[in-house]
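First the structure, in the form of structure tokens, and then the observations on it.
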Amino acid sequence: MSLKIATWNVNSLRQRLTHLERLAEDQAPDVICLQETKVDDPLFPGDALAEMGYSHQVFRGQKAYNGVAILSRIPFKRRDHRIWCQKDDKRHVEVTLPGGLELHNFYVPSGGSIPDPEKNDKFAHKLSFLEEMAQWARSQTRGRKVLIVGDLNVAPLENDVWNHKRLVRSIGHTPGESQRIADLLEAGALVDAPRQFTPPDQPLYSWWGYRFPQAFERDYGWRLDHAFASQSLMPEIRRIETLRDARSWQKPSDHVPVIVELAA
DNA sequence: ATGGTAGACGTTCTA
């Protein structure tokens with residue numbers, strides 16, 4: 001038996017329903033964690049998703065920005081969320097699955113464009129958010145079966161971006177952000193699961209921007225979408241796949257799904 | 001030197 005969990009920043013759920021249908025057909029994930037749904041809860045397309053087989057749903061959205069959801073073929077034992085940085089901007093939702101796996105879905109602030117927290121409130125917010133995650137993980141992930149997934153908006157390792165030297169002063173790949181991801185892993189005794197399957201000396205990306213011409217064709221990618229497992233969960237992870245192909249679909253999201261397959 | 005595209009929204013903001 002196995003349990004497949006997908007994480008995907010869809011960059012507008014309503015623009016990506018046919019893409020989700022294709023993911024469901026091609027990969028048949030049991031659980032799908034979404035980020036940047038960009039839809040307020042009353043407009044959530046729950047019926048269309050239920051028709052794809054995902055009748056169990058938790059969603060926390062808002063108009064135009066942010067928003068997270070977890071879709072599932074299997075019922076949840078428990079659902080919850082937390083407010084981060086005293087700001088209810090719909091960046092986290094959590095479920096417990098049968099068997100006791102605690103699944104956290106995050107959308108970390110992107111952080112704007114100037115990598116200086118003194119001059120850029122959005123970057124300050126991002127750094128605080130990551131620090132709060134580490135503080136939280138210290139008490140909430142150790143010794144438990146926890147999987148943290150989502151768009152963390154940080155590519156922490158050199159081979160998580162297409163050109164480390166060129167991008168090391170760009171938001172998403174600054175040493176301060178990478179250090180905070182390392183702090184989160186350390187604080188929560190968490191493992192960067194995809195990097196156990198694809199060694200850190202090899203490139204691994206999940207996002208190719210829209211702006212740079214032919215970003216995907218030239219493989220100008222970043223690994224922004226993550227799966228961090230607690231130590232007790234790690235032995236259950238059978239394989240992890242990044243669906244690069246989804247970036248070449250019609251009207252794609254700028255992110256592709258990452259799939260974690262657990263023995264269950 | 002500060003581009004380029006996409007999405008939601010509404011006469012711009014965010015990524």
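In what follows, every chain begins at residue 1, and chains take the letters A, B, ... in the order their sequences are listed.
Taking atom C1' on both nucleotides, B:dC9 is separated from B:dC13 by 9 Å, rounded to a whole Å. The gap from the P atom of B:dA15 to that of B:dT2 amounts to 23 Å, rounded to the nearest Å. Taking atom P on both nucleotides, B:dT14 is separated from B:dA1 by 27 Å, rounded to a whole Å.
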Using residues 186-199 of chain A as the side-chain source, report each donor-acceptor pair under 3.5 Å to any protein atom, sequence neighbours left out, with the distance given to one decimal.
residue, atom, partner, partner atom, Å
A:D192, OD1, A:R223, NH1, 3.1
A:D192, OD2, A:R223, NH2, 2.8
A:R195, NE, A:D160, OD1, 3.4
A:R195, NH1, A:T198, O, 3.2
A:R195, NH1, A:P199, O, 2.9
A:R195, NH1, A:Q202, O, 2.8
A:R195, NH2, A:N159, O, 3.2
A:R195, NH2, A:D160, OD1, 2.8
A:R195, NH2, A:Q202, O, 3.1
A:Q196, NE2, A:D192, O, 3.3

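Residue order along DNA chain B, read from the 5' end via each residue's closest nucleotide, puts A:T37 first among A:S110 and A:T37. Each of A:H255 and A:P213 was matched to the nucleotide of DNA chain B holding its nearest heavy atom; the match closer to the 5' end belongs to A:P213.
Checked against B:dA8, B:dC13, B:dT5, the side chain of A:Y65 finds its nearest nucleotide in B:dC13.
If you check distances only, the side chain of A:R211 does reach the base of B:dA15 with a donor-acceptor pair under 3.5 Å.
Per the geometry, CG belonging to A:D121 stands 15 Å off C1' belonging to B:dT14, to the nearest Å. One interatomic measurement links the two molecules: CZ of A:F212 to P of B:dT5, which rounds to 12 Å at whole-angstrom precision. Rounded to an integer number of Å, the gap from A:K90 NZ to B:dA8 C1' is 18 Å. What separates CG of A:L13 from C1' of B:dA8 is a distance of 13 Å, to the nearest Å. In this entry the distance linking NE2 of A:H125 with C1' of B:dA15 reads 15 Å, nearest Å. Between the CD atom of A:Q62 and the C1' atom of B:dT14 there is a distance of 11 Å, rounded to whole Å. One can place CG of A:D254 at 8 Å from C1' of B:dA6, the figure rounded to the nearest angstrom. When rounded to the nearest whole Å, the span between CD1 of A:I171 and C1' of B:dA15 equals 11 Å.
With respect to A:K126 and A:E177, a salt bridge is recorded, a charged nitrogen being found less than 4.0 Å from a carboxylate O. Between A:D245 and A:R247 there is no salt bridge, since no side-chain N of the basic residue sits under 4.0 Å from a carboxylate O of the acidic one. Note on A:E261 versus A:R238: no salt bridge recorded, every NZ/NE/NH1/NH2 to OD/OE distance being 4.0 Å or above.
Using modelled atom types and a 3.5 Å distance limit, the side chains of A:Q15 and A:S253 yield no donor-acceptor pair.
Taking 4.0 angstrom as the limit, A:K63 places none of its side-chain polar atoms (N or O) nearer than this to OP1 or OP2 of B:dG7. Applying the 4.0 Å criterion to OP1 and OP2 of B:dA6, one finds that A:K251 has every side-chain N and O outside that range. For the pair A:Q15 and B:dA8, the criterion of a side-chain N or O lying under 4.0 Å from OP1 or OP2 is met.
Here A:Y220 lies out of heavy-atom contact (under 4.0 Å) with every strand.
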